[in-house]
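Notes for the one structure printed next.
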Amino acid sequence: MDLSPILNSLNEAQREAVTAPVGPVLVLAGAGSGKTRVLTHRIAWLIQTENVSPHSVLAVTFTNKAAAEMRARIEHLLRVSSSALWLGTFHGIAHRLLRLHWREAGLVQSFQILDAEDQLRVIKKVLKAQELDENRWVPREVQYFINKHKDEGRRPQHLKHAVDGTEAQMIKLYAQYEENCARSGVIDFAELLLRAYELWRDQPELLRHYRARFRHVLVDEFQDTNAIQYAWIRLLVGSDGAPFVVGDDDQSIYRWRGARVENLHKFREDFPQAKLCRLEQNYRSTASILEAANALISNNSGRLGKTLWTSGARGEPVRLYAAFNERDEADFVVTRILEWSQRGGLRRESAILYRSNAQSRSFEEALISARVPYRVYGGLRFFERAEIKDALAYLRLITNHEDDASFERVVNLPARGIGARTLDTIREAARAAGSTLWSAAQSAPDALLGRSAAPLRAFQQLIESLGVAIAPLPLHEQVDHVINASGLIAYHQKDKADRGEARVENLLELVSAARGFDPEGDAPPLQNFLAHAVLESGEGQGTDSDDCVQMMTLHTAKGLEFPLVFLAGLEDGLFPHQRSLNDLESLEEERRLCYVGMTRAMRTLYFTYAEQRRLHGVDNYNSPSRFIQELPPALIEEVRPRIRLPHAADVAISGLGASASRALRQSSFSEVLGGSMRLGTRVRHGKFGEGTVLNIEGQGPQARVQVNFEQQGSKWLMLQYANLEVM
DNA sequence: CGTGGGCGGATTTTT
DNA sequence: TCCGCCCACG
């Protein structure tokens, strides 16, 4: 047997991990060290040399993208279909199990999945039913409470010991939410995992079956597992299984949503015989970038320890730009990107990374005015759009009449004369009878419903008849029929604005998505499609082919790489974020986030910060991020010479600590590029005296500038006449 | 029933 | 500043 494709391309450490004897293995894989490669090659190795059947391999990831990539790579390596092996996200695998064993899991066969938005709606409904004030009981907080406990494996009945009235109420809401979901036959994301865990925990024969089957369990991004995910893995693996987990404690950035880095430590305790492999050779970045990243992360405590190195070139130094404000910061970045493409680089090779989405705006404005195409990641995805969710709600309600969330969503969409009053009546009847909205509506006497009775009967008739009509149709025709017969298409066509047109297009796109959908398993395609829509909300819909500057948050950037990277907004209070400044654990997570960002860069890495930043309508004068101070000065090259700050900002920062003020004053922004005025340029005017350029509009002789004069305050001046002297 | 104005809040996000 | 949500009005 020829093993060269599996082993040849590996370095020593990677090969050791891939060929480790079957048994527990923990791979500490640094950024860019070939983590996915090790995972996929391990699977190929098991199948080819250990005679492991693909049937007995289970591999879990966190994102659909990672799962898809792994599957593609394995098929490429083995040159066979990998359909026999279970490879998917935690949620996807849990869903698969629950579909197979819905009865044992205590679910209805047609159960549907709630996404985060649906979940919030259900919570709001529960609050309303309890007549609780949403200002006192913030739906998002209730949602957080519920998910947090589910992520830790706790049911309401485990939470009897409330410390105070607030917690007692929360527990009550949690229980009521659960009842609601059970009645409607829906489960949320956290519930998928918890149910899958309880399924195995409470069904010993089932667990035995799966233990015997999945002799090889592999976990990607292990540092991101939460308590229930790890407990689930542990159940499956038992005490004598062979888990192969890959992770990096330095890239743990999801503690805030339940991820437990400690699982790495726990794994070593739970499997003391586990083989530990470290992947430290990096194939992505230059030595300069790696040294800076190593220096930064060494400030964290309690690391498992790992130092990235490369056999590659030292490369350019990491650069730092102190911008005057966020506009100057954006201009600087755009100018560098223009230079990059003038030298033959592709735009899509560059990425602007930031801490929070709000930061994208100034970059977008600068990119638009420079006519540079860009793509912002994050935001609404295809299956999350309102009109798509409306259409899906029809399909869900047809599949399962008891789905209250879907019922509420479409019962009066398009408007058919079933108003809020009627809905209240139905809700009340449902509450009294302990039934769902659908059955309450069905059994409500006409007298109770008044003039809404007829439209309501018509609606239920519509749902029933849609169910009959689409039963024999292929999937895409089912979708097509429903969006038309429900009146959704006509409803949006009536909206003459652009958005109406866009929504119709999206609905038609949904039909195409259904046409191209490849159902797996033998469940009805529609049910499959509906689950797919929730679990894979539609990343990759975007046009990857276009050559665009890539813009995203640092969190989104994890796992990606770019030749040219800008880490923007390196200011205390923004990054690290204000809410993480006072807590060591959170601060360390921010530092890891910075480390993740830095290690995205292959060739060129820029840090930028703004001395003045307008946020939520007010000017902030933050000191440069403490992370910048943590980088060895020898590795950093400041882009501009240092000159004193102008008066106005000087005053504004006087409230800061001494070192922060010093750091700010040392930074500069005074410059005239190519003879043109720049933001932050210090100027002198014959009458008004000295000031700083705050704003520039127009070009050439028509240009106007806004100058903040130290004595006279801010004024707009025509550049042509003002006779400004650049200082 | 749909929209416009007033109000409050404003990390990070996948599934 | 800006966006989303709620309520009041047409």
Side-chain angles (χ1 to χ4, degrees), chain A residues 60-67 88-96 113-120 124 134-135 138-140 143-144 147 150-151 187-194 196 220-221 224-226 228-229 252-259 326 353-362 365 377-381 383-384 386 412-421 455 491 494-495 497 499-500 531-539 552-559 569 573-581 586 589-590 592-594 596-597 613-620:
Chain A
V60 272
T61 64
F62 275 85
T63 65
N64 293 299
K65 197 175 159 195
T89 63
F90 276 100
H91 292 85
I93 302 272
H95 175 245
R96 191 165 175 180
I113 305 166
L114 295 182
D115 69 12
E117 192 205 336
D118 299 334
Q119 183 186 34
L120 198 64
K124 284 183 179 168
E134 286 196 8
N135 295 308
V138 183
R140 288 215 171 272
Q143 184 179 33
Y144 177 81
N147 289 340
K150 287 193 179 185
D151 284 348
I187 65 178
D188 58 54
F189 286 134
E191 186 77 23
L192 277 169
L193 302 176
L194 184 50
D220 188 19
E221 304 275 19
D224 286 338
T225 51
N226 65 26
I228 202 70
Q229 286 160 337
S252 160
I253 55 173
Y254 288 112
R255 194 176 70 108
W256 53 275
R257 73 178 195 211
E326 72 276 4
L353 310 181
Y354 35 77
R355 179 64 177 79
S356 66
N357 287 307
Q359 286 170 259
S360 74
R361 222 189 99 200
S362 49
E365 285 170 357
Y377 287 75
L380 267 200
R381 281 158 323 159
F383 287 110
E384 290 168 354
N412 201 32
L413 190 92
R416 43 175 75 89
I418 303 165
R421 292 276 304 275
Y491 171 71
K494 254 194 352 211
D495 185 350
R499 65 163 184 213
H532 163 87
V534 186
L535 291 173
E536 238 170 288
S537 38
E539 203 43 65
M552 67 195 82
T553 64
L554 287 154
H555 284 92
T556 308
K558 196 173 109 176
L574 189 62
F575 188 32
H577 194 271
Q578 192 64 46
R579 294 159 89 138
S580 308
L581 282 177
S586 315
E589 179 145 311
E590 297 277 313
R592 290 192 290 268
L593 192 55
C594 188
V596 165
R613 182 179 298 275
R614 210 176 175 83
L615 217 64
H616 312 316
V618 281
D619 285 327
N620 292 268

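Naming convention: chains lettered A, B, ... in sequence-line order (proteins, then strands); numbering from 1 in each chain.
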Mind checking A/Ser580 for me? I need base, sugar-phosphate or nothing, with any heavy atom below 4.0 Å counting as a touch.
base
A/Phe189 backbone acceptor or donor facing A/Gln119 side chain under 3.5 Å:
no
Side-chain donor or acceptor of A/Asn64 paired with backbone N/O of A/Leu535 under 3.5 Å
yes
Using atom types as modelled and distance alone, determine if a side-chain donor or acceptor of A/Asn620 lies under 3.5 Å from a backbone N or O of A/Val618.
yes
Using atom names, set out every protein N or O paired with an N or O of nucleotides 1-6 of chain B below 3.5 Å, distance rounded to 0.1 Å.
{"unit_1": "B/dC1", "atom_1": "OP1", "unit_2": "A/Asn412", "atom_2": "OD1", "d": "3.1"}
{"unit_1": "B/dC1", "atom_1": "OP1", "unit_2": "A/Asn412", "atom_2": "ND2", "d": "2.3"}

Output yes when at least one side-chain N/O atom of A/Asn357 is less than 4.0 Å from OP1 or OP2 of B/dT13, else no.
yes
Contact list (N/O, under 3.5 angstrom) for nucleotides 5-10 of chain C vs protein:
none

A/Asp224 and salt bridge (Lys or Arg N to Asp or Glu O under 4.0 Å): which single residue from A/Arg592, A/Lys558, A/Arg255 fits?
A/Lys558
In B/dT12, glycosidic geometry as syn within 90° of 0 or anti otherwise
anti
Does A/Glu590 reach a base, just sugar-phosphate, or nothing at all? Heavy atoms under 4.0 Å.
base
What's A/Phe189 touching, base or sugar-phosphate or nothing? Going by heavy atoms closer than 4.0 Å.
base
Less than 4.0 angstrom from a charged side-chain N to a carboxylate O is my criterion; do A/Lys150 and A/Glu191 meet it?
yes
Checking A/His95 now: which residues fulfil side-chain hydrogen bond (donor to acceptor under 3.5 Å, both in side chains) with it, not counting sequence neighbours?
A/Arg99
Determine if A/His91 stacks with B/dT15; use a centre-to-centre distance below 5.5 Å and an interplanar angle below 30° as the criteria.
no
Is the aromatic ring centre of A/Trp256 closer than 5.5 Å to the centre of the six-membered base ring of B/dT12, with the two planes inclined by less than 30°?
yes
Any salt bridge between A/Arg361 and A/Glu326, counting N to O under 4.0 Å?
no
B/dT14 phosphate, OP1 or OP2: any side-chain N/O from A/Asn64 under 4.0 angstrom?
no
Within the sub-3.5 Å range, which N or O atoms of nucleotides 1-3 of chain C have a protein N or O partner, and how far apart are they?
{"unit_1": "C/dT1", "atom_1": "O4'", "unit_2": "A/Gly617", "atom_2": "N", "d": "3.4"}
{"unit_1": "C/dC2", "atom_1": "OP1", "unit_2": "A/Arg361", "atom_2": "NH2", "d": "3.3"}
{"unit_1": "C/dC2", "atom_1": "O5'", "unit_2": "A/Arg361", "atom_2": "NH1", "d": "3.2"}

Heavy-atom donor-acceptor pair, A/Glu365 side chain to A/Ser362 backbone, under 3.5 Å
no
A/Asp118 meets the salt bridge (charged side-chain N to carboxylate O under 4.0 Å, His left out) criterion, sequence neighbours left out, with A/Lys389
Using 30° and 60° as the class boundaries, would you call the ring planes of A/Tyr254 and A/His555 parallel, tilted or perpendicular?
tilted
With sequence neighbours left out, the residues meeting ring-ring contact (aromatic ring centres under 6.0 Å, His included) with A/Tyr354 are none
